[in-house]
Amino acid sequence: MRRAGDWLVLVAGCAVAVSQFWHQMIGLGMVTLFLLGTLLVFLGTLSVIHPQLYVTEAVTVLTGIGLIALPWIFDFVDTPSAAWTSWIAGAIAVVVGAVNVGPALALYRKVVPPQAGTGQLRQAKP
């Protein structure tokens with residue numbers, strides 16, 4: 001499921017990035033929608049290539065929250081195609097990112113072992 005979710009975020013980001021072709025919306029809201037879609041494409045690509053990067057999953061959740069709030073922030077709720085594109089892609093990003101952050105953190109801990117002297121307790125020598 002993890003890889004499928006990362007690919008789903010990648011596809012949702014592509015859909016948001018090119019959504020200006022079917023919305024016919026112009027302005028700052030569309031620019032922001034394009035930039036957040038491009039960010040989702042970047043984060044989805046990083047998650048597919050490096051599944052141990054748990055930070056990308058956390059940023060994916062934040063980007064999804066931003067996409068959900070975007071129609072109200074830039075007042076394009078009255079453009080249903082743009083608003084629904086933003087809401088659906090944002091919900092996908094939030095759900096997939098939240099589900100994948102735990103496994104990504106576990107994989108990170110397996111791939112990158114803790115370093116000596118970085119918060120580990122050392123036993124005193126007698």
Side-chain angles (χ1 to χ4, degrees):
M1 167 58 187
R2 176 161 161 63
R3 287 293 177 142
D6 292 336
W7 281 103
L8 186 61
V9 167
L10 186 83
V11 169
C14 287
V16 170
V18 299
S19 66
Q20 62 188 351
F21 295 116
W22 63 79
H23 298 153
Q24 302 299 323
M25 188 174 78
I26 54 175
L28 190 57
M30 191 63 231
V31 171
T32 309
L33 196 60
F34 171 76
L35 291 175
L36 288 179
T38 306
L39 180 61
L40 270 185
V41 170
F42 177 69
L43 293 170
T45 304
L46 276 179
S47 294
V48 168
I49 295 172
H50 299 289
Q52 74 276 10
L53 293 178
Y54 62 92
V55 175
T56 59
E57 304 297 343
V59 175
T60 299
V61 171
L62 294 176
T63 304
I65 291 170
L67 277 170
I68 291 171
L70 198 65
W72 290 290
I73 294 171
F74 288 103
D75 196 30
F76 61 88
V77 177
D78 56 343
T79 308
S81 60
W84 278 103
T85 301
S86 184
W87 290 329
I88 291 170
I92 289 171
V94 168
V95 169
V96 170
V99 167
N100 287 344
V101 75
L105 185 59
L107 186 59
Y108 174 79
R109 288 182 178 154
K110 187 188 312 182
V111 171
V112 181
Q115 303 293 320
T118 57
Q120 289 183 340
L121 296 176
R122 293 183 183 177
Q123 293 183 356
K125 293 183 181 179

List the atom pairs, donor and acceptor, that lie under 3.5 Å between side-chain atoms in residues 102-110 and the rest of the protein, sequence neighbours left out.
none

Under 3.5 Å, side-chain donor or acceptor atoms of residues 26-45 against the rest of the protein: list the pairs with distances, not counting sequence neighbours.
unit_1 : atom_1 : unit_2 : atom_2 : d
Thr32  : OG1    : Leu28  : O      : 2.8
Thr38  : OG1    : Phe34  : O      : 2.8
Thr45  : OG1    : Val41  : O      : 2.7

Return all side-chain donor-acceptor pairs below 3.5 angstrom for residues 74-88, not counting sequence neighbours, or 'none' if the list is empty.
unit_1 : atom_1 : unit_2 : atom_2 : d
Thr85  : OG1    : His23  : NE2    : 3.2
Thr85  : OG1    : Ser81  : O      : 2.7
Ser86  : OG     : Leu67  : O      : 2.3
Trp87  : NE1    : Ile68  : O      : 3.2

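Thr63 is linked by a side chain to side chain donor-acceptor pair (under 3.5 Å) to nothing, counting only residues two or more places apart in sequence or in another chain. Residues passing the side-chain contact (heavy atoms from CB on, under 4.5 Å) test with Ile73, sequence neighbours excluded: Ala69. When the side-chain contact (heavy atoms from CB on, under 4.5 Å) test is applied to Val48, the partners found at least two apart in sequence or on another chain are Arg3, Asp6, Trp7.
Members clustered with Val18: Phe21, Trp22, by chain and number, using a 4.5 Å side-chain heavy-atom cutoff among hydrophobic residues. Side-chain contacts under 4.5 Å among hydrophobic residues (ILVMFWY), followed directly or transitively, place Val11 with no other residue at all.
In the hydrophobic clustering of ILVMFWY residues, with side-chain heavy atoms under 4.5 Å counting as a link, Leu62 and Val94 come out apart.
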Exercise for review: Kindly indicate, with the supporting measurements, whether the criterion side chain to side chain contact (heavy atoms under 4.5 Å, CB included) is fulfilled by Ile92 and Leu8.
Suggested key: CA-CA 8 Å; Ile92 289 171; Leu8 186 61; 3.8 Å; yes

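Here the closest non-hydrogen pair linking Glu57 and Ser47 is OE2-OG, 3.1 Å.
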